[in-house]
Colleague: 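For reference, the structure I am asking about is given below.
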Protein chains: 4
Amino acid sequence: MIRDRGDVRERIVSAAMKVFSRYGFFKAPVHLIAKEAGVSKGLVFWYFRSKQELVIEVAKRSLPLEIVDSCLESGLSGEKILECIGKGYLEKYRDPVQRNLLLHAMALETLYKEIAEEMNSLCEERIDKVAERVFGKPSIKGKVALRAFFGGLMCYTLRRPRDIDEEAFLKDLIDITVAGFRNGTAP
Amino acid sequence: MIRDRGDVRERIVSAAMKVFSRYGFFKAPVHLIAKEAGVSKGLVFWYFRSKQELVIEVAKRSLPLEIVDSCLESGLSGEKILECIGKGYLEKYRDPVQRNLLLHAMALETLYKEIAEEMNSLCEERIDKVAERVFGKPSIKGKVALRAFFGGLMCYTLRRPRDIDEEAFLKDLIDITVAGFRNGTAP
Amino acid sequence: MIRDRGDVRERIVSAAMKVFSRYGFFKAPVHLIAKEAGVSKGLVFWYFRSKQELVIEVAKRSLPLEIVDSCLESGLSGEKILECIGKGYLEKYRDPVQRNLLLHAMALETLYKEIAEEMNSLCEERIDKVAERVFGKPSIKGKVALRAFFGGLMCYTLRRPRDIDEEAFLKDLIDITVAGFRNGTAP
Amino acid sequence: MIRDRGDVRERIVSAAMKVFSRYGFFKAPVHLIAKEAGVSKGLVFWYFRSKQELVIEVAKRSLPLEIVDSCLESGLSGEKILECIGKGYLEKYRDPVQRNLLLHAMALETLYKEIAEEMNSLCEERIDKVAERVFGKPSIKGKVALRAFFGGLMCYTLRRPRDIDEEAFLKDLIDITVAGFRNGTAP
DNA sequence: CATGAATGAGCCTTCATTCAT
DNA sequence: AATGAATGAAGGCTCATTCAT
C-alpha cells in the first residue's frame, strides 16, 4: 500500500472527527475510528499514544480559535473584523460534524486542561483583543458586546433557525453588536 | 436515618449532579453516584431503570428551560423580562456544578432526542416568545437580538471575566440588546 | 447459588495457583483462572483489585515463610528444628503446583517489593534465627551452614533425585549441616 | 558505526539480558531490547526467529552450566573443584543482571523444555559427577552434600549477607560440605 | 426498599510478528 | 542487513445491569 507520510495520521483524525461527532468522545470506540479510516486498530495507537491524545487533537481542531486568530492577524478592525469572524464561524460550523464536535469539545473543557486552556485563551484574551479592534479602545461595555456577538453566533449554530439565513443573521448580529455598544444608555 | 418517600430519589439525583458535573455523563460510574448518595448501587437501579434515565433527568434539570418559563409565566415584558431571565440564569450557573452540567448537557443533545427536544423548545419557541415580549412584535431582528442576549449570558457563564461583575454585565447586556435592536441601521 | 462468604475468594486463589503454576504469572490469562474457579472474569476483579494483587497473594502463599515461622514458634531447637523445617518444606513442595509456584514466586522478587520483603525476611532474619536455635549462639559458620541446609532443600525440591527418598535425604542433609558445622577445620 | 558480523547479534543478546533482567522475560517488550541495543525492532527478528528464541538463548547463558563444565574439564578434584565452581559461581552472579536472570531463568524451566533439559543436566548428571570428583566414589551422602553446597551458593547469591564476604563464605561452605560428608553419624 | 455479589459485554491498550521498501 | 509502519490477537480492566437474599 502506498501512502504519503502524514497521510495516514490525517486519515485517522478525519475518521475520528466523524465518529466522535456521532457518538461523542467517550462513547466512540477506537475500533470504529480505525474502521472508518480503513486501518487497523493498532495503527491508531502508533500515531496517537492514547485515545485521549486523539480526543484532544480533534477537540482542539473543532474550537474556533484559528478563525479568530486569522482574522486578528489579517489586521482588520471595526465591523470588518466581526464580519471576518462571523463568516468564518458560520462556515465552519455549517458542517454538522463540526457543529457537533464543538458541543462535545466544550464539554471536555471540564476534563482536560489542554482544552480548558484553549477555551481560556479564546474566551478571555482573544475576545477582548477583538473588542478593542472593533471599538477602538478597551471598555467593559465593549467586552460585553463582544460576548453577545460570540454568544449569538454560537446560539445560531446550535439551532439554525429556519426563517433566518446566514447572511441576514450575521448582518443583523453585527448591527446589534455595534449599535448596542454605541447607543446604549450608558455610553 | 429517617427518609421520606422521594427523599432517596432526590438524594440520588443530587449525588448524580455532583458526580456527573465532575466526570461527565459517560465517565461517571454509577457506583460513585451511589457512594456519594450514601446508598447501594442496586438502589440506584430501583429508582431509575437505567443510567441513561438518570443522565437524562439530570441533563434536563441543568438546562435553563424552567428559568425562561417562569419568567414568561410571570407576565413580564420589555427589559423586565430580560432582567428576570438574566438574573435567574446567572444565579443558576454561578454554581460550578450547574455550570459544568450545562456544558455536558448541551453535548448530550447530539445523542438523546429528549435533550434535543428540550433544546429545540428552548432555542426556538421560547427564545422567539421572549423576543416578542421584549420588542412588542415578532421580527427577525428581535430574534437575532435575543440570540445575542442568550449567547452573551452563556458566554459569561462559560468564563466569568474577573473584571466584570454580574450586575454590571447584565445591565450592559440588556442595554446592548435593546439599544442594538432599536438603533441599528435597518430598524 | 449458595456459597459461603470467603469461599469464592478462596476458590479463586486456588484456581489461580493451578493456572499460575502451569503458565507462569504473566502468561496466565485471568479468564482461565475464572474458568477454573467456575466464576466470571469480572468477579475476579471484585475480590482482587488487579491481577497483580492476585499474583502477589498467590506468590506470598507459595514461599516457605510460614513453615519456618511455625517451627520457630514451636520452640524447637537443635536438630529438631531442622527436622521440623525440612519436613514441612519437603511436604509442601512435593505438590508440583507448589513447587512450580515457588520458582515463579522467586523470580517475582525482582519485580514486586512485597515479594522482595518476604524474601528478605526469610533469607536474612529467619535463617539467622534458625541458625542460632540450631547451634546455640550466633556465628558466621552457623549462618553458612544454615544456608547450605536451606539451599539443599531447595535443590532437592527443584529436581527430586530418583535414587534418594525424602526421608533419607533429609536425614543426611541435617547430618551434613550439623557435622559440617562442628567438625570443620575452623571451629 | 562499524560492525562485525555477529557483533550485532551479540549486542542484541546483551541488551536483552539487561532488559530481561529488569522486567522479567514476559514483561519485557522487544522494542525495549531493540532500543537498548540501538537497532530497529525488525532487526531483532532477523537474528532471532521469535522472541522465545531470544528468551531461551539468554536464559541458557544465565544458568551456571558452563562454570561447572569448565571446572569438570579442568580435571580438578577434591576441595579444589568445589573452589573452582564456587569462585566461578560467585563471580558470575555478583553482577545483579546475571543474578536476576538466574531467577527468571529458573522459573522458565516450567515452560520450555530446552531450559528444563539444561536444569536436568545441571542438577542431576553434573552435580553427581562433581560429587564423585570431590568424594572419590559415588554415594548418596555425597550427592546430598553436593546439593547442600550448590544450594548454599544459590542462597548466598539470592541475598548477599552484609556480614559475610564472598571469600569467607566460600571457605566455610566448602569446609561444611566436606566435613559434613566425612564426619556425619552415618559415614 | 435495600444490598452487594455476580455477570458479561466491551473497551483501551500492548505487543509479537510481518513485510514493503 | 536494516527500518519502522502496519497488523491482529489477546489481555487486563471497567462498568451497567441483574438478582438472590
Side-chain angles (χ1 to χ4, degrees), chain A residues 1-3 5 7-9 12 26-34 37-55, chain B residues 1 3 5 7-9 26-35 38-55, chain C residues 1-3 5-9 12 26-34 37-55, chain D residues 1 3 5 7-9 26-34 38-55:
Chain A
M1 234 176 286
I2 300 162
R3 294 204 267 237
R5 290 243 153 188
D7 177 34
V8 178
R9 194 190 142 96
I12 292 173
F26 300 121
K27 300 201 81 171
V30 172
H31 74 86
L32 278 191
I33 295 171
V39 300
S40 70
K41 213 181 357 161
L43 198 57
V44 175
F45 291 92
W46 174 264
Y47 288 98
F48 299 89
R49 240 182 298 261
S50 66
K51 184 185 174 187
Q52 179 177 326
E53 206 173 293
L54 179 55
V55 164
Chain B
M1 230 179 285
R3 290 175 189 167
R5 288 221 146 212
D7 176 33
V8 176
R9 193 190 141 94
F26 300 121
K27 298 201 84 175
V30 172
H31 75 88
L32 276 192
I33 296 171
K35 197 180 167 193
V39 301
S40 72
K41 214 184 349 165
L43 199 57
V44 174
F45 287 90
W46 199 90
Y47 286 101
F48 299 88
R49 227 181 311 239
S50 67
K51 183 187 174 184
Q52 180 176 327
E53 209 173 292
L54 179 54
V55 164
Chain C
M1 231 175 289
I2 298 162
R3 293 208 267 238
R5 290 246 156 183
D7 176 35
V8 177
R9 194 189 140 94
I12 292 173
F26 300 122
K27 299 203 83 170
V30 172
H31 76 86
L32 278 192
I33 295 171
V39 300
S40 69
K41 211 183 358 164
L43 198 58
V44 175
F45 292 93
W46 173 264
Y47 287 99
F48 299 88
R49 240 184 296 264
S50 65
K51 184 187 172 185
Q52 179 177 325
E53 206 173 294
L54 179 55
V55 163
Chain D
M1 227 178 289
R3 289 175 189 165
R5 289 221 146 215
D7 177 34
V8 175
R9 193 188 142 96
F26 300 121
K27 300 201 84 176
V30 172
H31 75 87
L32 276 192
I33 295 171
V39 300
S40 73
K41 216 185 347 167
L43 200 57
V44 174
F45 287 90
W46 199 91
Y47 286 99
F48 299 88
R49 228 180 312 239
S50 66
K51 183 186 174 185
Q52 180 176 326
E53 209 173 292
L54 179 54
V55 164

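Worth knowing before you read on, the calculation uses all heavy atoms, side chains too, and leaves out hydrogens, waters and symmetry mates. Quick note on labels: first sequence line is chain A, next is B, and so on, each numbered from 1.
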Colleague: When you match Val44(A) and Arg49(C) each to their closest nucleotide on DNA chain F, which lands nearer the 5' end?
Modeller: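 Taking each residue's closest nucleotide, the earlier one in sequence belongs to Val44(A).
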Colleague: Using the side-chain heavy atoms of Val39(C), tell me which of these nucleotides is nearest: dT7(E), dC13(F), dA1(F).
Modeller: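 Side chain of Val39(C) sits closest to dT7(E).
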Colleague: Calculate the interatomic distance between Ile33(C) atom CD1 and dA6(E) atom C1'; express it in whole Å.
Modeller: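 To the nearest whole Å, that distance equals 18 Å.
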Colleague: Choosing from dA2(F), dA6(F), dA6(E), which nucleotide comes nearest the side chain of Tyr47(A)?
Modeller: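 That would be dA6(F).
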Colleague: In the structure I gave you, are the side-chain heavy atoms of Val30(C) and Phe45(C) within less than 4.5 Å of one another anywhere?
Modeller: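 They are in side-chain contact.
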Colleague: Without decimals, in angstroms, what is the distance between Glu53(C) CD and dC13(F) P?
Modeller: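 Value for this atom pair: 10 Å.
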Colleague: Can you name the residues that form a side chain to side chain contact (heavy atoms under 4.5 Å, CB included) with Tyr47(B), not counting sequence neighbours?
Modeller: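 In terms of side chain to side chain contact (heavy atoms under 4.5 Å, CB included), with neighbours along the sequence ignored, Tyr47(B) is linked to Val8(B), Arg9(B), Ile12(B), Leu43(B).
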Colleague: Quick test of your reading: applying salt bridge (Lys or Arg N to Asp or Glu O under 4.0 Å), list the pairs with at least one residue in residues 39-52 of chain C, sequence neighbours left out, ordered by first then second residue.
Modeller: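 Sorted pair list: Arg49(C)-Glu53(C).
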Colleague: NZ of Lys35(B) versus C1' of dG4(E): gap in Å, rounded?
Modeller: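 My rounded result for the distance is 15 Å.
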Colleague: What is the distance, rounded to the nearest whole Å, between atom CD of Gln52(B) and atom P of dA16(F)?
Modeller: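 So the two atoms are 12 Å apart, to the nearest Å.
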Colleague: Could you tell me the separation between the CZ atom of Phe45(D) and the P atom of dT7(F), rounded to a whole number of Å?
Modeller: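 Answer to the nearest Å: 18 Å.
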Colleague: Are Ile33(C) and Val39(C) packed together at the side-chain level, in the sense that at least one heavy-atom pair is separated by less than 4.5 angstrom?
Modeller: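 Sidechains of Val39(C) and Ile33(C): no contact.
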Colleague: Sort by first number and list every stem of DNA chain F: at least 3 consecutive Watson-Crick or G-U wobble pairs, both distances under 3.5 Å.
Modeller: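 Correct response: E:2-21 with F:2-21.
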Colleague: When all nucleic acid strands are considered with a 4.0 Å heavy-atom cut-off, which category describes Phe48(B): base, sugar-phosphate, or nothing?
Modeller: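 Counting heavy atoms under 4.0 Å across all strands, no contact is made by Phe48(B).
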Colleague: Below 3.5 Å between N/O atoms, which protein atoms pair up with nucleotides 8-11 of chain E? Just atom names and distances, please.
Modeller:
| from | atom 1 | to | atom 2 | distance (Å) |
| --- | --- | --- | --- | --- |
| dG10(E) | O6 | Lys41(C) | NZ | 3.2 |

